[in-house]
Amino acid sequence: MFKRPHYIALAVVVIFTIILLKLPTRAADNFKRALSGLFLPIFGLDNSVEDLANVASYAVLPRHDLVRQIETLRQTNQILQARAMQADEWRKENERLRSQLGIQRIYPWRMKLARVVARDPANWWRSLKIDLGTRDGISSNAPVLTVHGLVGRVAEAGLTHSQVVLVGDPDCRVSVLIADEKSREQGMIAPSSSSPADDALVDLSYLSRNAKLAAGQTVVTSGQGGVFPAGIVVGHIADFRTIGYGLYKEARVSLAVKMNQLEEVWVMTP
Amino acid sequence: MNSFNTIAILVVAYLVVFFQATFNEFRQVLGVQVDLLPSLVVYAALSSGVITLTLVSVLGGLMLDSLSTNPVGISMLPLFVVGLLMQRSKEFILRDQPYAQLMLGLTASAAVPLLTLLILLNLNVRPLLGWFSLWQWAVMTAAGALMTPVWFACFGWIARSFNYLPVAEGGYRPDREIKRGRQ
């Protein structure tokens, strides 16, 4: 049997829930940020323990392994420097041609490395938390990527931590194009309708029925929409089909980044 | 005793939410993150009063939502309602039996995600749902069920370690006392 305290507690919880769910978005975000601040000490502790474990592992690493790694990295560095020199030449040429044609200049990306500290505990969202915030120059909607491709965008930037929604979350739509000589078809990345819980696949929709698609074609950001700059790799076409009684096509895209294995990401800063 | 138990449950709820946000191995192997708060609420409902249940549901739910994309406040009510229904039948449940604990954990872990989804869908929020969600639900339910007897055992051990044990009754009976002298 319910007693009077049960009814009072139920009323309190129901009213509190309604108040929180009816809060304006800005107030709700601020409240959420304040609550997530409760976890800052334990996140800090977790990072310190991880750093200590890393330091301990460096101490036991054999010296000849380290020397071999340094040699490999030195060689890679030289190759990358040569490529950077060539890219620098292309950039200057590109800027010169753009200024002659009167096209707006493209600025180089400025990025900051962030560590992934937490993931969404609920199974029906795809998001994670990183250890950079507004005090590090991070703002909402900043694109997040790795060397393999696009990860998502910053949804909420707190003072020291930020929430990132991943590609494939309903809250992260990306305007993309197929980077192929034959087809520069544009479309929109949305959560996978056939396997929404599979975080390796997303849907590429709004493709025209005449789009020339093939499995393996690379999909990159188109630069439209104002959030993601053009040219970031999103993934590769896995398969495609005609829908809407032949009116348009839809493809499934295998993401370039393995979202489950992310440990560090790059965040673009303005 | 009660305040110590309440504080212990709240600390464990905080650690459980942190564990769910940072421990990624279940997600990598099974494609699912387990939810241990419902099983903790079962323990709170059967071992404590309504204040502890309310605190665990509200604070646990808020902490979970703060690290999630969930609208803030959405997880409190399902946790509380399930806990309240169990507390209502507290006197009729054999709560010391592991099998009963397992079944209660199973019920709570199955009901809480469903109720949360119901509220989410009523708010016109579109979460990621599909056939795979059934697998996720099954794993969450099973993990919650298995964890419930573990909570009972752990908190029982904590209570035995940190609280004064009740004094056992001796053989002395006041009604058998021999009274000397005149009354």
Atom of A:Gln163, atom of B:Thr69 and distance for their closest heavy-atom approach: NE2-OG1, 3.9 Å

I want to check something: taking the side chain as every heavy atom from C-beta on, are A:Arg119 and B:Thr22 in contact at a cut-off of under 4.5 Å? no

For B:Val32, does its backbone N or O pair with a side-chain atom of A:Asn123 as donor and acceptor, under 3.5 Å? no

Drop me the distance from A:His6's NE2 to B:Leu53's CG, to the nearest 0.5 angstrom. 7.5 Å

Using a cut-off of under 4.5 Å on heavy-atom pairs, state which of A:Asp169, A:Val165, A:Leu21, A:Val14 scores highest against chain B. A:Leu21

Side chain from CB out, backbone as N, CA, C, O: work out which of these in A:Val117 comes under 4.5 Å of a heavy atom of chain B, or both, or neither. backbone

Contact check, side chains of B:Leu62 and A:Phe16, non-hydrogen atoms, under 4.5 Å: yes

A:Gln261 portion near chain B, given a 4.5 angstrom heavy-atom threshold: both

Ranking A:Val13, A:Leu20, A:Leu35, A:Ile42 by heavy-atom pairs under 4.5 Å to chain B gives rank one to A:Ile42

If you tally heavy-atom pairs under 4.5 Å between each of B:Met140, B:Gln87, B:Met76 and chain A, the highest tally belongs to B:Met76

Chain B contact via A:Asp46 - side chain, backbone, both or neither, heavy atoms under 4.5 Å: side chain

Does the side chain of B:Asn70 come within less than 4.5 Å of A:Trp124's, by heavy atoms? yes

Whether the side chain of B:Asn24 engages the backbone of A:Asn260 through a donor-acceptor N/O pair (distance < 3.5 Å, no angle test) should be reported. yes

Any side-chain heavy-atom pair of A:Phe39 and B:Ser66 under 4.5 Å: yes

Heavy-atom pairs under 4.5 Å with chain A - which of B:Ser75, B:Ser57, B:Gly49, B:Ser68 has more of them than the others? B:Ser68

Heavy atoms of B:Arg126 and A:Pro170 approach each other most closely as O-CG, 3.2 Å

